[in-house]
Amino acid sequence: MEYKFNEIEKKWQDHWKEKKVYKVSNESTKPKYYVLDMFPYPSGAGLHVGHPLGYIASDIYSRYKRLKGFNVLHPMGFDSFGLPAEQYALETGQHPAETTKKNIATFKSQLDKIGFCYDWEREVQTSDPNYYKWTQWIFLQLFNSYYDTTANKAKPIAELVKSFETNGAATHDSPLTTHAFTAAEWNGYSKQQQEEILMNRRLAFSKYGEVNWCEALGTVLANDEVVNGVSERGGHPVEKKKMRQWYLRITAYADRLLDGLETVDFSDSMKEMQRNWIGKSQGAEITFQVVNSQSSIVNNGVPDSGVPFTIHHSLLTVYTTRPDTIFGVDFMVVAPELDLVQQIKTPEQTAAVDEYIAYVKSRSDVDRMAEKKITGCFTGAYAVNPFDGKQIPIWISEYVLAGYGTGAIMAVPCGDERDFKFAKHFNIPITNIIGSYFNGEEANATKEALLENSGFLNGVKMTDAAEIVLQQLEEKGIGKRKVNYRMRDAGFSRQRYWGEPFPIIWSDGVAIPLDAEELPLQLPHVDKYGPGPSGEGPLANITDWVDLTPNPSPKERGAKDPGYMNSTKDEWRKTLQFAKQNRKDATVEEDIIWQEVRNRKIADCKFRRQHPIAGYIPDFVCLEKRLIVEIDGGYHNEADQIKFDTARESWLAEQGFTMIRFTNDEVNNALKTVLKNIEQALSTKESISEAAESNSPLPGRGVGGEVKRETSTMPGYAGSSWYFLRYMDPKNTATFCDRKASDYWNQVDLYIGGTEHAVGHLLYSRLWTKVLFDLGLIGYDEPFKRLLNQGMIQGVSALVKRIMVVKNDEVNRFLLIPDATKSQTPLEIIQFYVPVKYVEYKDNQLILTRENLLKLQEESPLYLNWELATVNNIFESVDLQNNFIERQSLTDNLKDDYVTLQPLVEKMSKSKYNVVNPDDVVDKYGADTFRMYEMFLGPVEASKPWDTKGIEGVHRFLRKLWRLFNDELKGKVWNNDKATDAELKILHRTIKKIEEDTEKFSFNTAVSAFMICVNDLFDVKCHKKEVLEKILILLVPYAPHIAEELWSQLGNEGTILDAQYPTFNAALLVESSKEYPVSINGKVRTNINLSLDLQQADVEKIIAENEVVQKWLEGKAPKKVIYVKNKMINVVI
RNA sequence: GCCCAUGUGGCGGAAUUGGUAGACGCAGCAGACUCAAAAUCUGCCAUUCGCAAGGGUGUGAAGGUUCGAUUCCUUUCGUGGGCACCA
């Protein structure tokens, strides 16, 4: 019987699907284990062989844990919002939703072929409204929260508002409160003023920030779309532009993100990367006077009386981690974009400064930091050293970034390499404050030196000087201690289409959140994906989506007899205040009802109290069901009031509201009946569906004026920051994840993904988790207990050297040349990708054959005018005058029918034509072979190029395993004989190795161990069920299909996926002696077999008698004999 | 530039973390079976000197610690990843 992997794998995949063996329940008596993969972005290129590396690793570990008796959650989904789909839409006009759907279908079928144990019923897609509803919802939690630095956690912003209303604010409450105000002042502020202060505290907030702006394309570009200051597409100039952006206040969590690293099991390098990203440093902020001086003659700290200078009103504040070097400051460097520069530049330097700023504007941050070239410009101004009055020239240079610290540094060239180079380049004299530690050739960042040339610090050790300087600065009031972070708040807006829309509307400059009931705010359909009129996202073009009916005045809403109301904004504000007051002045009966209906207590419907609708303020309203509950006081019997009530009721009825009334008596004496009636009323009314909602925000919010929707969308990391929670409870419509589910599954026990997400995704999801924890929505504040980094599988691109032949200004054809390095042809040689599909191996070289070139040409017209050529031919036939090569003489004389290609290891990507599709590999060798081969390639953590060459070996191994059970001619060969000790030894050695290796994710060595085991079993001709079935269980995580097939062939009932993992018996492997290597001076010369219980003296005696050792000793006595039990023996001569 | 990782035969990699460098596999070579091919099996396979026995060299490079270093330390070079709007 043959190993027909195609049939076997299909059969079991179908069987498993039908039996739902991968369905995971949130209820189990088994211990839980949560294995998570970083979910893929479903690109148009499909899954490539690099993706499954981590997925196979996690699948192996999940299956292993299952065999070990755990309830394992191992889900999969798609990070389906993103730029590529939008880019594709821009080029082809296909809607991203369409292409994304198609791509996901492809990915899923590809994943399924590999035989992963996912519970697809838990799949999540970030672009699914049912999912991003909750992304938006969590964003609103962030928006509605602030960071309380005293409690050191996030709290609802309503609490802050309350505190402002009663206590006002002192500036020192938070570094984010810009000025102090009393409660009375706060209450007197306009809505706009209040919101501005609150915006400054929200965890999700909006402010102006710089973006890469490309005027020609009319759009904002990503950093990697900008190359050397121009756009990647089209090469148009790009410059920095300020735009309103959303941010997440990740800086508030800097310390907790840092501390949290102590509690998780990530690799040290990963933690290190995150620490560096956060970049916490302790130092000082120092403020300097700025002067504009014609001369810098300084006399004992006092400028010469004869030299005129003016003191600017500007002050220069720098951040430094080395206050001890204050006397070594030879110049200041300010970030060119700071406003300060405009204030302090002198007239003589203005032209030079402006020119330099224009140059800097054109450069990206990455360029600026990566640049080796030293650039800068003197501003003409000087800062005054507060300790000795020395005037220090102020420069601007791109190596100082505005966003870090204060955007200005004090440069100490003797102690800082970059400052030193800058000083050398611009011939700025260098002060040496570290004596012999400084050699004049390079800076020395020592902290050990005794200070020199440092005024009152002379002779003080640098490590002590910092503290002295800090004290002096604080005494003089010109500086303070400062903890600084390199990390900036996370930009959360994208001027793009294919992302989550913000659940925010803007009304007169105030951001107003949508209500939870209004979510999801669906991404509207667009026909064009170009940027908005002034660089906003494409959504800005859909005016009937963006422009909302301005929040109508009560009159506009048709209020008949408002009496105390009219249509002006101020009056409307009064209504709101009225409502607010009503809430405070609630009657006892109203409070009773409120306690019963709040928090969705009744029929899961949200009630509000004293909520203005147009000009009316009903006692309670459920907006979703359009139900109003009134608790009547006695005054409702008055004639005027009845008239008003009737008018109100009929207008509200027109708007779809039903009103039910209860008296105070009823509330006091028959509460149960009242509640029952409310419930009854709710049940008779339909929920207002999202579609039926008017385009206008629910009435009663906003401050009037123009009302528009936010037009930017959320970035890629929004959806991926919390997806691990959704898998736990993916279908929940009431909440993002039920607390019971998140408590049961708790943290992700094992998270597998690439290092490319080291800082971005991991920090953001850690942040979201901490916020959700602070708000009491989940029970832990670190999402991932353990992180395993998977390496990248790179592609091997094949490059061909190509000469373009141009005739009469028209590209005539391309000549592919075998080895251009030998060529001195004057024609331009261009490298070009050849799709890997058509690349063959010959003599360890990549080649493109004539035959494959023809196939290539059939497939794509792109290659139609390609021809093989030889270097010699080019020389012979090229007509340089006309840049023309005679066709005839070329192809006929070609020695070989192929050209060699230049291999290049790089990322797998469609544009590089080096993507290898796992489907092809699975079709040819089967999923089990593919899974084991990917693992066999090397350690999961390591990056390596994909190479199919070795796959035969793994496939041969599986066939060999098969032949332990079945013979091609004889059929079944396994038997029920009792296993011998030698056979059990092979088995238990394997159990030990596989278990150890799987536990430590050393899957490549585990595959080797399987091979060794099968080879050994063949050597002893062991076909015994007793041994073989144990091996099969070990193999399940690695090659589930063949294991299940052979398991059933052995006559077992039920699936092997839930078999009992074999236990290792150490007693079977005990040895009594060992073949010791004997070294002379560390070099192995011979081996001797010794009993394991020998002592040092016994060994020395035996060694002395050994022939080989005697030969090397040449009669002398050994100086020393080193004997390490169970390891080795070394004789020192 | 800064941060992180990494470098071992023709190739992917192994080495119980300081103790026989090259397990396992690919490729290659020689042979068996076969009319032949495929499949399978056996042997060789870092490099160099040598008929052999045996010896020299060898884990990117240069130094150091140690009885002993792929492993620890210092310096240096190459490659890959990240650097905040690719995901």
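Quantities reported herein were computed from a predicted structural model and do not represent experimental measurements. Order of the sequence lines fixes the chain letters, A, B, ..., with proteins taken first and strands second; residue numbering starts at 1 for each chain.
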With sequence neighbours left out, what residues match [X] under salt bridge (Lys or Arg N to Asp or Glu O under 4.0 Å)?
{"X": "A:R496", "value": "A:E225"}
{"X": "A:K242", "value": "none"}
{"X": "A:E272", "value": "A:R275"}
{"X": "A:K421", "value": "none"}

When you compare the protein's N or O atoms with those of nucleotides 64-67 of chain B, which come within less than 3.5 Å of each other, and at what distance?
| from | atom 1 | to | atom 2 | distance (Å) |
| --- | --- | --- | --- | --- |
| B:rC67 | O2' | A:N1130 | ND2 | 3.4 |
| B:rC67 | O2 | A:N1130 | ND2 | 2.5 |

Kindly write out the residues that satisfy side-chain hydrogen bond (donor to acceptor under 3.5 Å, both in side chains) with [X], not counting sequence neighbours, or none if the list is empty.
{"X": "A:R959", "value": "A:H955"}
{"X": "A:R766", "value": "A:Q274, A:E782"}
{"X": "A:S721", "value": "none"}

Between the protein and nucleotides 12-14 of chain B, are there any N/O to N/O pairs under 3.5 Å, and if so, what are the atom names and distances?
| from | atom 1 | to | atom 2 | distance (Å) |
| --- | --- | --- | --- | --- |
| B:rG12 | O2' | A:L937 | O | 2.4 |
| B:rG13 | O5' | A:L937 | O | 3.3 |
| B:rG13 | O3' | A:N1004 | ND2 | 3.3 |
| B:rA14 | OP1 | A:N1004 | ND2 | 2.8 |

Any N/O pairs under 3.5 Å between the protein and nucleotides 37-41 of chain B? List them or say none.
| from | atom 1 | to | atom 2 | distance (Å) |
| --- | --- | --- | --- | --- |
| B:rA39 | O3' | A:R959 | NH2 | 3.3 |
| B:rU40 | OP1 | A:R959 | NH2 | 2.9 |

Donor-acceptor pairs under 3.5 Å, side chain of residues 1121-1133 of chain A to any protein atom, not counting sequence neighbours: which ones?
| from | atom 1 | to | atom 2 | distance (Å) |
| --- | --- | --- | --- | --- |
| A:Y1123 | OH | A:L1094 | O | 3.1 |
| A:N1130 | OD1 | A:G1082 | N | 3.0 |

Residues forming a ring-ring contact (aromatic ring centres under 6.0 Å, His included) with A:F78, sequence neighbours excluded: none
